[in-house]
Amino acid sequence: MINEYRVHVSKAQKNAEEILHQLKLAKGYTLVALPCDFLPFEILRTFDIHPIVVSPDRIFDMEPLIDAVILPQNCCHRIPSSEKIKKITVPSFPQEYGESAISPWNAFLLEIIEKIANKSFQKISNEKLFESAHLYSSLRRTVRGISYMRKEKPILLTNKDLWTIFSHALIFPPEYTIPQLSTVLDWLNQEKIESALPSITSIFFGRCHNDVNILDELEQIGFLIVEDDCCIGRRSFDLSYNTESSHLWDEIILSFSFRAFCPCVRSVADRLELLSKLLHSY
């Protein structure tokens with residue numbers, strides 16, 4: 001099963017530009033590149049903006065497709081200037097979280113979206129928001145399910161496989177990736193294996209784009225990576241809220257505001273406090 005998925009992903013990566021080009025033609029989406037998911041994807045999609053998380057070198061491979069690049073001012077990524085791609089630098093982010101974060105995050109998001117689209121928005125489509133929220137919630141549940149099953153049956157997936165899944169889910173639209181990832185999750189659930197060897201359960205901390213071979217090497221000497229604090233990793237799919245809420249926009253922002261994010265987005269003190277709050281989950 002995993003070999004079939006590897007083949008599928010390999011083809012998708014080779015044809016990424018064509019797949020995303022067809023998405024733009026079919027949906028009229030604006031494509032924006034980000035180094036990580038520091039903006040809520042479901043809200044962007046409500047405004048016909050499809051976010052993709054890619055490394056700087058990949059951005060220029062996709063230059064004809066990408067309409068804008070969005071970067072935190074202090075991001076470790078350095079994107080060379082290009083006349084063909086709009087570059088939006090975000091100098092600061094709302095540091096509040098919880099109920100007090102809804103208003104500043106709301107204003108912040110609308111400002112970013114208006115910069116991307118080159119227009120202001122007077123009305124938000126609740127129908128689009130509902131559809132987008134359901135898609136991304138389904139995607140996150142599926143990816144986290146795979147991550148959990150990989151912890152239980154690490155012999156079935158390498159860390160390289162797992163990061164390929166993360167990357168795939170952060171580039172292509174949910175409606176494209178969910179069917180394949182659901183098949184992988186079903187396979188993991190059904191496979192019977194003998195008990196795994198005892199390992200030291202570990203959380204991995206890293207930057208945006210890591211050499212994931214290091215993680216497999218760590219596991220070969222007795223560690224088991226069960227969680228991570230990386231910009232492209234499990235943290236990208238650790239977001240949940242009530243998709244049936246009558247105040248869905250606020251629900252999304254409220255949940256999103258508790259993200260620890262990376263140090264170039266979240267202050268050290270707030271990041272430490274939020275990570276401490278999350279420890280019970282680990």
Side-chain angles (χ1 to χ4, degrees), residues 1-20 22-23 26-27 29 31 34 36-37 40-46 50-54 127-193 196 212 215-216 224-228 230-245 248 251-252 255-256 259 281:
M1 171 61 232
I2 191 58
N3 287 331
E4 293 175 14
Y5 182 72
R6 287 178 185 138
V7 170
H8 167 78
V9 169
S10 178
K11 289 180 179 177
Q13 289 174 340
K14 288 178 181 177
N15 299 315
E17 287 83 356
E18 179 60 27
I19 293 168
L20 293 171
Q22 292 301 321
L23 176 70
K27 302 285 189 178
Y29 286 158
L31 259 64
L34 303 91
C36 63
D37 64 328
F41 284 9
E42 48 271 80
I43 286 181
L44 294 181
R45 277 280 296 261
T46 303
H50 177 65
I52 58 175
V53 174
V54 290
E127 183 179 345
K128 281 186 176 181
L129 181 62
F130 181 83
E131 178 186 0
S132 181
H134 275 260
L135 275 172
Y136 276 103
S137 291
S138 176
L139 176 66
R140 293 187 185 109
R141 283 195 304 271
T142 305
V143 173
R144 290 297 297 199
I146 291 172
S147 174
Y148 175 80
M149 291 309 301
R150 197 267 166 184
K151 179 179 70 173
E152 300 298 307
K153 306 173 183 179
I155 195 171
L156 295 179
L157 287 179
T158 65
N159 281 287
K160 188 173 182 179
D161 287 327
L162 197 56
W163 248 261
T164 297
I165 287 169
F166 297 154
S167 176
H168 201 218
L170 289 169
I171 292 177
F172 297 102
E175 53 268 46
Y176 176 84
T177 53
I178 289 171
Q180 287 83 27
L181 293 179
S182 295
T183 303
V184 173
L185 180 56
D186 290 342
W187 166 69
L188 288 169
N189 278 313
Q190 293 166 11
E191 280 292 303
K192 305 294 183 184
I193 64 166
V212 295
L215 303 187
D216 288 319
L224 177 63
I225 310 299
V226 298
E227 192 57 66
D228 66 80
C230 301
C231 289
I232 299 179
R234 293 166 181 82
R235 191 176 74 197
S236 296
F237 306 94
D238 192 12
L239 182 70
S240 61
Y241 49 82
N242 177 14
T243 54
E244 305 301 325
S245 172
L248 185 54
E251 283 269 353
I252 294 170
S255 182
F256 196 76
R259 301 286 296 278
S281 300

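Count residues from 1 along the sequence.
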[X] side chain vs [Y] backbone, donor-acceptor pair below 3.5 Å:
X	Y	value
R144	R234	yes
K153	E191	yes
S132	I43	no
K160	D216	no

Inset, instruction - Kindly check if the number of other-residue, nucleotide or ligand heavy atoms within 6.0 Å of CD (E127) is above 12? - result: no

Restricting to non-hydrogen atoms, name the atom on [X] and the atom on [Y] that form the minimum distance, rounded to 0.1 Å.
X	Y	value
F172	A12	CZ-O, 3.5 Å
S236	C231	OG-O, 2.9 Å
S245	E251	OG-CG, 3.2 Å
P154	L224	CB-CD1, 3.8 Å
P51	L34	CB-CD1, 3.6 Å
S240	S255	O-OG, 2.8 Å

Would you say that [X] contacts [Y] through its side chain, given a criterion of any heavy-atom pair below 4.5 Å between the two side chains?
X	Y	value
L156	W187	yes
L129	I252	yes
R150	D161	no
L215	L162	no
Y241	L248	yes
D238	E227	no
L170	F41	yes
D228	W163	yes

What distance separates [X] [atom1] from [Y] [atom2], expressed to the nearest 0.5 Å?
X	Y	atom1	atom2	answer
I146	L157	CD1	CG	7.5 Å
L188	K151	CG	NZ	13.5 Å
Q22	N15	CD	CG	11.0 Å
Y136	L44	OH	CG	8.0 Å

Inset, instruction - Give the ring-plane orientation class for H134 versus F130, where under 30° counts as parallel, over 60° as perpendicular and anything between as tilted. - result: tilted

N/O donor-acceptor pairs under 3.5 Å from side chains in residues 176-185, not counting sequence neighbours:
unit_1	atom_1	unit_2	atom_2	d
T177	OG1	P173	O	3.4
T177	OG1	P174	O	3.4
S182	OG	I178	O	2.8
T183	OG1	P179	O	3.0

Inset, instruction - Could you pull out all residues at least two apart from H50 that satisfy ring-ring contact (aromatic ring centres under 6.0 Å, His included)? - result: none

Legend entry - Qualifying residues under side chain to side chain contact (heavy atoms under 4.5 Å, CB included), relative to E4, sequence neighbours excluded: M1

Legend entry - Side-chain ion pair, E131 and K27, N-O less than 4.0 Å: no

